[in-house]
Amino acid sequence: MNKINEYLGGRVLNTTSLNNEDLNELQTLGGKLCDATFRKDNKLFCRRCLMGIKKLPIDFQYCRHCINLGKIQVDDKLIITPTDISYPAQNQYLQWNGQLTANQRKGVRELLIAFQNKQDHLVWAVTGAGKTEMIFPLIEQVLIAGQRVAMCSPRVDVCIELFPRIQAVFPNTSVGLFHGKSAEKYHLTQIAIMTVHQLIRFEQGFDVLIIDEVDSYPLAGNEMLHKAIYKAKKTDGMIVYLSATPPKELLQDVRQEKITLSKLYQRFHGHPLPEPQCHLLFKKINFLGINPQLRYKINQMIHNKQRFMLFFPQIPIMKSFAKQLKKLYPTLTFVDVSSKDKQRLEKVQQFRDQKVQAILTTTILERGVTFKKITVIVLEAQAKEFTKTTLIQIAGRAGRGKDSYDDEVHFYYQYYTEQIRLACREIKYLNWQAKK
């Protein structure tokens with residue numbers, strides 16, 4: 001592969017990272033040299049991440065906001081690499097034999113109208129509605145137009161799960177997977193699947209940006225990442241937001257007609273969302289090792305060979321419970337994962353491949369992962385980490401398969417909170433809307 005391919009596509013590169021030969025070639029191809037910083041309202045900003053640079057008590061001033069992507073000093077020069085790329089034409093781009101539901105087809109029509117009008121669009125769909133399948137026709141139109149698309153999520157796990165699905169339905173199109181833990185080096189592809197953080201490295205690099213889980217940490221409320229989204233889009237490009245629980249700001253944009261909207265209240269298989277069963281625990285979850293109420297449920301699942309997910313608010317609580325689980329159920333196969341677990345992706349794959357019966361997790365797996373035929377259990381559901389949105393997303397892990405639409409969801413708590421009440425109420429409301 002020509003090394004220059006590792007730089008093309010609207011990349012924001014520090015010239016200090018390039019040799020003279022590559023720098024000259026990029027300029028010849030149309031790359032634009034610029035200062036690493038710019039001034040606005042008498043304040044200094046970083047050209048790569050667009051965040052303000054505060055003066056440090058050192059000789060060499062640099063941007064601290066995007067330093068994880070490589071240090072940029074205020075007197076550095078950047079090059080914005082060319083984005084006018086010709087991609088090979090194909091007779092058939094999308095190769096998918098699936099069928100969309102009537103609701104999905106309606107959403108697709110609205111998406112394609114927004115694409116034609118170069119209008120930003122929100123797809124507000126319940127968990128398991130088939131948002132990914134809905135965007136296949138949109139991606140197909142982007143490719144037919146000879147344009148470039150990026151599919152982004154705040155979470156690595158989501159990107160990794162999405163990558164093979166997109167590769168399978170667009171087998172003759174170049175698809176890349178890029179994130180901070182990726183072994184794959186960046187190279188120019190017509191479809192890029194990446195974490196939102198990677199967009200900081202781009203300026204006007206994409207005709208269409210598809211942002212999944214827009215309400216999820218670390219994207220929610222992160223000014224730098226939201227600026228990166230707008231910066232990475234071409235001037236006449238389009239942003240598609242996908243969410244089961246969209247933030248208030250996006251819904252306000254819909255009301256003000258800044259963006260258009262598609263709503264899907266029903267899952268692709270037509271069955272309702274599993275409604276949580278609520279259980280009051282009179283003692284803590286670690287009472288007598290594991291609370292007898294929980295032991296009754298765990299015994300039942302082990303006896304029935306039922307696969308299950310246990311959600312915890314904090315890592316120490318999960319680790320302590322895992323020790324008791326191992327002690328009391330030595331034959332039970334399980335893994336535990338969190339954001340600090342370096343083997344997280346491998347462990348999640350083990351559960352997906354049914355090599356273990358259970359997975360213990362924090363809120364890191366609240367969204368973006370799909371498992372079939374599972375029971376979902378939230379422990380300490382009253383904890384502050386379990387917001388209404390989080391509980392809805394966790395409940396959405398269940399019932400995602402046609403043959404397992406009635407998976408169970410259980411909330412165990414020591415006292416009933418407003419967040420639990422609101423989550424249960426919204427799930428019931430969504431199911432009611434789907435029946436109308």
Side-chain angles (χ1 to χ4, degrees), residues 93-94 96-153 158 162 165-166 169-170 191 193 206-216 219 226 229-230 232-273 367-368 392-393 396 400 426 429-436:
Y93 290 89
L94 176 60
W96 182 59
N97 297 321
Q99 295 291 320
L100 295 173
T101 65
N103 280 337
Q104 286 174 315
R105 288 196 298 272
K106 178 177 176 289
V108 167
R109 286 194 298 273
E110 291 164 348
L111 263 174
L112 295 181
I113 290 169
F115 173 63
Q116 288 160 11
N117 295 333
K118 297 177 180 177
Q119 170 76 57
D120 293 348
H121 191 81
L122 167 64
V123 177
W124 182 0
V126 297
T127 55
K131 295 188 292 289
T132 304
E133 289 77 12
M134 267 182 61
I135 61 172
F136 290 168
L138 171 65
I139 295 173
E140 181 183 34
Q141 290 305 309
V142 175
L143 301 181
I144 289 170
Q147 297 179 349
R148 189 174 184 222
V149 58
M151 302 180 67
C152 308
S153 169
V158 179
L162 192 56
R165 295 175 68 186
I166 297 299
V169 296
F170 296 102
I191 301 174
I193 298 169
F206 301 96
D207 299 279
V208 174
L209 282 172
I210 299 167
I211 312 295
D212 197 7
E213 308 292 2
V214 69
D215 58 304
S216 172
L219 176 55
H226 280 281
I229 291 169
Y230 286 102
K233 175 182 75 82
K234 289 188 178 179
T235 309
D236 60 349
M238 169 198 189
I239 302 172
V240 177
Y241 300 99
L242 308 177
S243 181
T245 47
K248 289 182 287 186
E249 297 81 10
L250 265 184
L251 295 177
Q252 190 173 340
D253 286 345
V254 171
R255 285 192 293 271
Q256 294 173 356
E257 299 183 352
K258 292 179 182 176
I259 64 175
T260 48
L261 172 70
S262 294
K263 273 188 180 182
L264 280 86
Y265 289 116
Q266 195 172 53
R267 287 186 155 177
F268 76 96
H269 49 53
H271 295 283
L273 298 163
R367 60 181 78 216
I392 290 170
Q393 289 285 356
R400 297 175 77 91
E426 184 155 325
Y429 171 77
L430 293 168
N431 282 339
W432 175 72
Q433 284 284 351
K435 289 177 186 174
K436 287 170 72 176

Can you find a heavy atom in the side chain of [X] that is under 4.5 Å from one in the side chain of [Y]?
X      : Y      : value
Leu430 : Glu426 : yes
Gln104 : Leu264 : yes
Val126 : Arg267 : yes
Tyr241 : Val123 : no
Thr127 : Arg400 : yes
Tyr93  : Ile139 : no
Ile392 : Leu273 : no
Glu140 : Trp96  : no

Starting at [atom1] of [X], measure out to [atom2] of [Y] and round the result to the nearest 0.5 Å.
X      : Y      : atom1 : atom2 : result
Leu242 : His121 : CG    : NE2   : 9.5 Å
Asp207 : Lys234 : CG    : NZ    : 4.0 Å
Leu143 : Arg148 : CG    : CZ    : 12.0 Å
Leu111 : Gln141 : CG    : CD    : 11.5 Å
His271 : Gln266 : NE2   : CD    : 9.0 Å
Cys152 : Ile229 : SG    : CD1   : 7.5 Å

**Report entry** CA sep, side-chain torsions, deciding dist, call: Thr260, Gln119, side chain to side chain donor-acceptor pair (under 3.5 Å)
**Finding:** CA-CA 7 Å; Thr260 48; Gln119 170 76 57; 4.9 Å; no
Report task. Report the C-alpha separation of Asp212 and Met151 in whole Å, then their side-chain angles, then the decisive distance to 0.1 Å, and conclude whether the side chain to side chain contact (heavy atoms under 4.5 Å, CB included) test is met. Result -> CA-CA 7 Å; Asp212 197 7; Met151 302 180 67; over 6 Å; no
Requested in this report: Could you tell me whether Lys106 atom NZ has more than 12 heavy atoms of other residues or ligands within 6.0 Å of it?
Outcome: no
Query raised in the report: Should we say atom CD of Gln256 is surrounded by more than 12 heavy atoms from elsewhere, each under 6.0 Å from it?
Result: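 Check passes, neighbour count above 12.
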Query raised in the report: So, Glu110 and Lys263, do they make that salt bridge, N to O below 4.0 Å?
Result: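 Here Glu110 does not pair with Lys263 in a salt bridge, since their nearest N and O are not under 4.0 Å apart.
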Query - Asp215: side chain to side chain contact (heavy atoms under 4.5 Å, CB included) partners, not counting sequence neighbours - result: Glu213, Ser243, Thr245, Pro247, Arg367, Thr389, Gln393
Looking at every non-hydrogen atom in both residues, tell me the closest pair between [X] and [Y] and how far apart they are.
X      : Y      : answer
Gly107 : Ser262 : O-OG, 3.8 Å
Met134 : Pro137 : O-CD, 3.2 Å
Phe206 : Val149 : CD2-C, 3.9 Å

Report task. Among Leu122, Asp120, Leu261, Ile259, find the one that has a side-chain contact (heavy atoms from CB on, under 4.5 Å) with Asp253. Result ->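 When Leu122, Asp120, Leu261, Ile259 are each tested with Asp253, the side-chain contact (heavy atoms from CB on, under 4.5 Å) holds only for Ile259.
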Report task. Could you give me the CA-CA distance, side-chain angles and deciding distance for Leu251 and Trp124, then say whether side chain to side chain contact (heavy atoms under 4.5 Å, CB included) is met? Result -> CA-CA 10 Å; Leu251 295 177; Trp124 182 0; 3.6 Å; yes
Query raised in the report: Yes or no on side chain to side chain contact (heavy atoms under 4.5 Å, CB included) for Val108 and Phe136, after CA distance, side-chain angles and deciding distance?
Result: CA-CA 9 Å; Val108 167; Phe136 290 168; over 6 Å; no
Requested in this report: Begin with the C-alpha distance, continue with both residues' side-chain angles, and end with the deciding distance and a verdict on side chain to side chain contact (heavy atoms under 4.5 Å, CB included) for Leu138 and Ile210.
Outcome: CA-CA 10 Å; Leu138 171 65; Ile210 299 167; 4.3 Å; yes
